[in-house]
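The chains referred to below are lettered A, B, ... by the order of the sequence lines, with proteins before strands, and numbering in each begins at 1.
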Amino acid sequence: MKIATWNINGVKARIDSLLAWLKESGPDIVCLQEIKSVDDGFPRLEIEALGYHVETHGQKGFNGVALLSKLRPDEVNRGLPGDDTDEQSRFIEGVFSVEGGVIRVCSLYLPNGNPVDSEKYPYKLAWMRRLEAYAKQRLLLEEPFILAGDYNVIPEEHDCWDIKVWQNDALFLPETRAAFRRLRNLGFTDAVRATSDTVPLYTFWDYQAGCWPKNFGIRIDHLMLSPEATDRLVSTSIDKHVRAWEKPSDHVPVIGTFAFAPA
DNA sequence: ATGGTAGTCACACTA
């Protein structure tokens, strides 16, 4: 079973690429971020025509996440718990039946947090605290559980082309990485790192300043796995070639392959 | 180069 995450940076602008990639890659579950669409505006018919169920948690203009899946989810939950006043659509959770039980998969779009001296950075850190509290509770279920998405976190220096450029950025500040480590240390495995010794590995290349042709990238899209999901992890891959397509997203798909069979 | 590019939406805002 292939489970992928991809920040597509606007589903309306990326629908042709998304359909082409679904046909090429054939993932079973896809976690999308930055759909930048309300639920009614999401191009669900074209995606359903390829055999996917579509669940969205949209927002006008910004943010927005979605779950595409060959299996129909048994349960879907929208929004990260912990702050009823948070109106940004950054989190959706689906539960799927597989042979022998369920898997729980979340698509998350963690706040960017820049500029650091604005209210955006404390919002990011508060969001990470909420994610940690939520994840801690979910781990008690002892299920295969995958937190997939755009974390806007560069975990280590070697996940970045030039740390001097990023060291004071909200994606790399010590407090940001400490929050990421706290989450991981609850018992999660960074799937890409667990299956590859290659450094560096990138999932994002900025549109600006020729970052893509110069391979000036960062690794910020992650599949974080509970112990029960890690037990079933077979391999991971980063679909880097998609960054060279016409009108690309600045992020590429990250894919985990697992030894789960559909129910 | 106190720049650069892209998406959304209709003016800046976000990244």
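We find that OH of Tyr109(A) is positioned 11 Å from P of dT14(B), with the value rounded to whole Å. Rounding to whole angstrom units, CZ of residue Arg14(A) and P of dA6(B) are separated by 10 Å. One interatomic measurement links the two molecules: CZ of Phe62(A) to P of dA12(B), which rounds to 13 Å at whole-angstrom precision. The nearest whole Å value for the distance from the CD atom in Gln59(A) to the C1' atom in dC13(B) is 12 Å. In this structure, Gln208(A) atom CD and dT2(B) atom P are separated by 14 Å, rounded to whole Å. The nearest whole Å value for the distance from the CD atom in Gln88(A) to the P atom in dA15(B) is 7 Å. Put simply, CG on Asp206(A) is 8 Å from C1' on dG4(B), counting in whole angstrom units. Rounding to whole angstrom units, NZ of residue Lys247(A) and P of dT5(B) are separated by 16 Å.
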Side-chain atoms of residues 67-75 of chain A: list all donor-acceptor pairs with protein atoms under 3.5 Å, sequence neighbours left out, distances to 0.1 Å.
{"from": "Ser69(A)", "atom 1": "OG", "to": "Leu71(A)", "atom 2": "O", "distance (Å)": "2.6"}
{"from": "Lys70(A)", "atom 1": "NZ", "to": "Gly26(A)", "atom 2": "O", "distance (Å)": "3.4"}
{"from": "Asp74(A)", "atom 1": "OD2", "to": "Ser97(A)", "atom 2": "N", "distance (Å)": "3.3"}
{"from": "Asp74(A)", "atom 1": "OD2", "to": "Ser97(A)", "atom 2": "OG", "distance (Å)": "2.5"}
{"from": "Glu75(A)", "atom 1": "OE2", "to": "Asn77(A)", "atom 2": "ND2", "distance (Å)": "2.9"}

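Residue pairs meeting the salt bridge (charged side-chain N to carboxylate O under 4.0 Å, His left out) criterion with at least one member in residues 220-237 of chain A: none, sequence neighbours excluded. Within the structure, every pair that satisfies the salt bridge (charged side-chain N to carboxylate O under 4.0 Å, His left out) test and touches residues 189-198 of chain A, not counting sequence neighbours, is listed here: Asp159(A)-Arg193(A), Asp190(A)-Arg219(A).
Arg90(A) comes within 4.0 angstrom of the backbone, heavy atoms only, and of no base.
Gln33(A) has its side chain within reach of Ser107(A): a pair of non-hydrogen atoms, C-beta onward, lies under 4.5 Å apart.
For Trp245(A) and Trp21(A), the ring centers are positioned 6.0 Å apart or more.
Closest to the side chain of Lys60(A), from the set dT8(B), dA15(B), dA10(B), is dA10(B).
Electrostatic pairing of Asp86(A) and Arg130(A) counts as a salt bridge here, judged by a charged N lying under 4.0 Å from a carboxylate O.
Using cut-offs of 30° and 60° for the angle between ring planes, the Phe180(A) and His222(A) rings count as tilted.
Using atom C1' as the reference point in both dA10(B) and dT14(B), the two lie 16 Å apart (nearest Å). Rounded to whole Å, the C1' atom of dG4(B) lies 13 Å from the corresponding atom of dA15(B).
Only at 4.0 angstrom or more do the heavy atoms of residues 210-223 of chain A sit from any atom of DNA chain B, so none qualifies. Against DNA chain B, the stretch residues 147-161 of chain A makes no heavy-atom approach under 4.0 Å.
For the OP1/OP2 pair of dA6(B) and a distance below 4.0 Å, the side-chain nitrogens and oxygens of Lys36(A) include no atom meeting the criterion.
Judged as a side chain to side chain contact (heavy atoms under 4.5 Å, CB included), and not counting sequence neighbours, the contacts of Lys60(A) are Val38(A).
No chain of hydrophobic side-chain contacts below 4.5 Å, direct or via other Ile, Leu, Val, Met, Phe, Trp or Tyr residues, connects Tyr123(A) to Phe62(A).
Both Tyr207(A) and Gly113(A) lie near DNA chain B, and the one whose nearest nucleotide falls closer to the 5' end is Tyr207(A).
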